[in-house]
2 protein chains.
Amino acid sequence: MPDTEEKKCRRDIDHLIASVSEDELGELAELFKIFGDSTRIKILYALFSGEKNVTEICEAIDMNQSAVSHQLKILKTSKLIQSRREGKSVVYSLADDHVKTIIAMGREHIEE
Amino acid sequence: MPDTEEKKCRRDIDHLIASVSEDELGELAELFKIFGDSTRIKILYALFSGEKNVTEICEAIDMNQSAVSHQLKILKTSKLIQSRREGKSVVYSLADDHVKTIIAMGREHIEE
DNA sequence: GCATCGTATGATAATATATTCATATGAATA
DNA sequence: TATTCATATGAATATATTATCATACGATGC
């Protein structure tokens, strides 16, 4: 009898979390720490709908430019976002789809 | 032509992250903040293999009892773990599967 | 070159967080 | 009930983190 999709998924997850070293757990904590700030989460969420420059991000989340730039740097260092210069402005975008997935999982947990 | 599993999954995620209120983003940040500490991640990971009492957790992650108890309280308040008394000891276990999923997603991101 | 717009950054102050120490509570048992 | 084992908790210290302010940097246009 073939596995259900759910069973397959469960097994994948179990495989992903098996044999995690202490170092990796530390890295994981560092990663989640990045998500654990409402300013940064708002920035990430603002980028869900597509790339934005710094000024646009500031408007979207209603925070001043300096605070946003500081957090953008942290997000970029963590490789959650990427940037490119376009004339006078710098345009930011999500680095990959894991950001969306991680936030979606978090939301699932909250909604229970 | 029917959707692939991957397409379905992508659509589910997009749905989950659409229309998130500012309050919800704050709750999300609070949730991820819990994962963003290496002691707490270690505790959660220690519970992946099954329930443990406080003493066993202390041994598993090599931290003193007081520090562990403080973090256990935070994890329990966030509903990531649950507990029950068993004689002199208190046994802790993961509250649901989302914990595993969230950590698995984090690990996927790191491994790139 | 100079002014201006957009962004980045360093220093500071305010706040939050984790660990430790001491001690309290709670359950079992002699 | 006095003692011991297991866990919880309050206070204090140490550390980390964030927003703000001032200012610097980079690109564009005059």
Side-chain angles (χ1 to χ4, degrees), chain A residues 22 25-47 50-95, chain B residues 22 25-47 50-95:
Chain A
E22 177 143 347
L25 288 177
E27 281 181 73
L28 270 172
E30 289 306 308
L31 173 65
F32 287 122
K33 200 175 290 182
I34 306 301
F35 288 90
D37 174 83
S38 62
T39 300
R40 286 191 292 265
I41 282 266
K42 283 180 198 166
I43 292 175
L44 292 174
Y45 186 68
L47 295 177
E51 57 180 29
K52 286 188 170 60
N53 65 36
V54 178
T55 302
E56 288 168 335
I57 295 172
C58 290
E59 287 165 356
I61 74 172
D62 193 32
M63 295 221 107
N64 78 71
Q65 181 267 319
S66 180
V68 168
S69 272
H70 279 296
Q71 299 310 325
L72 285 172
K73 182 169 196 176
I74 292 173
L75 288 167
K76 193 177 176 185
T77 301
S78 309
K79 301 207 169 82
L80 296 177
I81 61 176
Q82 56 198 179
S83 68
R84 70 167 201 282
R85 186 169 271 280
E86 199 169 76
K88 279 185 286 190
S89 42
V90 176
V91 176
Y92 284 87
S93 56
L94 298 181
Chain B
E22 178 144 346
L25 287 177
E27 281 181 74
L28 270 173
E30 289 306 309
L31 173 65
F32 287 122
K33 202 174 288 183
I34 306 301
F35 287 91
D37 174 83
S38 62
T39 299
R40 286 192 291 266
I41 282 266
K42 283 180 198 166
I43 292 175
L44 292 174
Y45 186 68
L47 295 178
E51 56 180 28
K52 286 187 171 59
N53 65 36
V54 178
T55 303
E56 289 168 333
I57 295 172
C58 292
E59 288 165 356
I61 75 172
D62 192 32
M63 294 221 108
N64 79 71
Q65 181 267 319
S66 181
V68 168
S69 271
H70 279 295
Q71 299 308 325
L72 285 172
K73 182 168 196 177
I74 292 173
L75 288 167
K76 193 177 176 185
T77 301
S78 309
K79 300 209 170 81
L80 295 177
I81 62 176
Q82 57 198 6
S83 68
R84 68 168 202 282
R85 187 167 270 279
E86 198 170 77
K88 279 185 288 190
S89 39
V90 176
V91 176
Y92 284 88
S93 56
L94 297 180

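The chains referred to below are lettered A, B, ... by the order of the sequence lines, with proteins before strands, and numbering in each begins at 1. If you're wondering where the values come from, they're calculated on a predicted model, not measured in any experiment.
Nearest-nucleotide positions on DNA chain D for A/G87 and A/Q71 put A/Q71 closer to the 5' end.
Judged by Watson-Crick or G-U wobble contacts below 3.5 Å, the nucleotide C/dC5 has D/dG26 as its partner.
Among the protein residues, B/K33 comes within range of the sugar-phosphate backbone only, with heavy atoms under 4.0 Å from sugar or phosphate atoms but none that close to a base.
Across the protein-nucleic acid pair, B/L72 atom CG and D/dT7 atom P stand 10 Å apart, rounded to whole Å. With rounding to whole Å, B/D37 atom CG is found 13 Å from D/dT15 atom C1'. The distance between atom CD1 of A/I41 and atom C1' of D/dT18, rounded to the nearest whole Å, is 16 Å. Between A/L75 atom CG and C/dA8 atom P the separation is 12 Å, expressed in whole Å. The CZ-P distance, from B/R84 to D/dA6, rounds to 17 Å in whole Å. Atom CD1 in B/I74 sits roughly 11 Å away from atom C1' in C/dA16 (whole-Å rounding). Rounded to whole Å, the distance from CZ on B/F35 to C1' on C/dA18 is 18 Å. Rounding to whole angstrom units, CD1 of residue B/I34 and C1' of C/dA18 are separated by 13 Å.
The environment of A/K52 atom NZ is dense: over 12 non-hydrogen atoms of other residues, nucleotides or ligands sit within 6.0 angstrom. For CG of A/D62, the number of neighbouring non-hydrogen atoms (other residues, nucleotides, ligands) closer than 6.0 Å is 12 at most.
Considering only side-chain N and O atoms, A/S89 lies nowhere under 4.0 angstrom from the phosphate OP1 or OP2 of C/dC5. Contact annotation: B/K88 does not reach the phosphate of D/dT4 (side-chain N/O to OP1 or OP2, under 4.0 Å). Checking the phosphate oxygens (OP1, OP2) of D/dT9, a side-chain nitrogen or oxygen of B/K73 falls inside 4.0 Å. In this structure, A/R40 reaches the D/dT18 phosphate: one of its side-chain N or O atoms is under 4.0 Å from OP1 or OP2. Remark: A/T55 is not in phosphate contact with C/dC5, judged by side-chain N or O atoms under 4.0 Å from OP1 or OP2. Listed pair A/Y92 / C/dG6 fails the phosphate criterion, with no side-chain N or O lying under 4.0 Å from OP1 or OP2.
Of the residues in residues 57-70 of chain B, those lying under 4.0 Å from DNA chain C by heavy-atom distance are B/N64, B/S66, B/A67, B/H70.
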Exercise. How far apart are the C-alpha atoms of B/I74 and B/L80, what are their side-chain angles, what is the distance that settles it, and do they pass the side chain to side chain contact (heavy atoms under 4.5 Å, CB included) test?
Worked result: CA-CA 9 Å; B/I74 292 173; B/L80 295 177; over 6 Å; no
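A/S69 has its side chain within reach of A/V54: a pair of non-hydrogen atoms, C-beta onward, lies under 4.5 Å apart. Contact of the A/E22 side chain with the B/K42 side chain is registered, since non-hydrogen atoms from C-beta on lie closer than 4.5 Å.
Remark: the backbone N or O of A/E56 is not paired with any side-chain donor or acceptor of A/E59 at under 3.5 angstrom.
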Please tabulate, one pair per line, all N/O donor-acceptor pairs under 3.5 Å involving side-chain atoms of residues 29-40 of chain B, not counting sequence neighbours.
| unit_1 | atom_1 | unit_2 | atom_2 | d |
| --- | --- | --- | --- | --- |
| B/E30 | OE2 | B/K33 | NZ | 3.4 |
| B/D37 | OD2 | B/T39 | N | 3.1 |
| B/D37 | OD2 | B/R40 | N | 3.1 |
| B/R40 | NE | B/I34 | O | 2.7 |
| B/R40 | NH1 | B/Q71 | OE1 | 2.7 |
| B/R40 | NH2 | B/K33 | O | 3.2 |

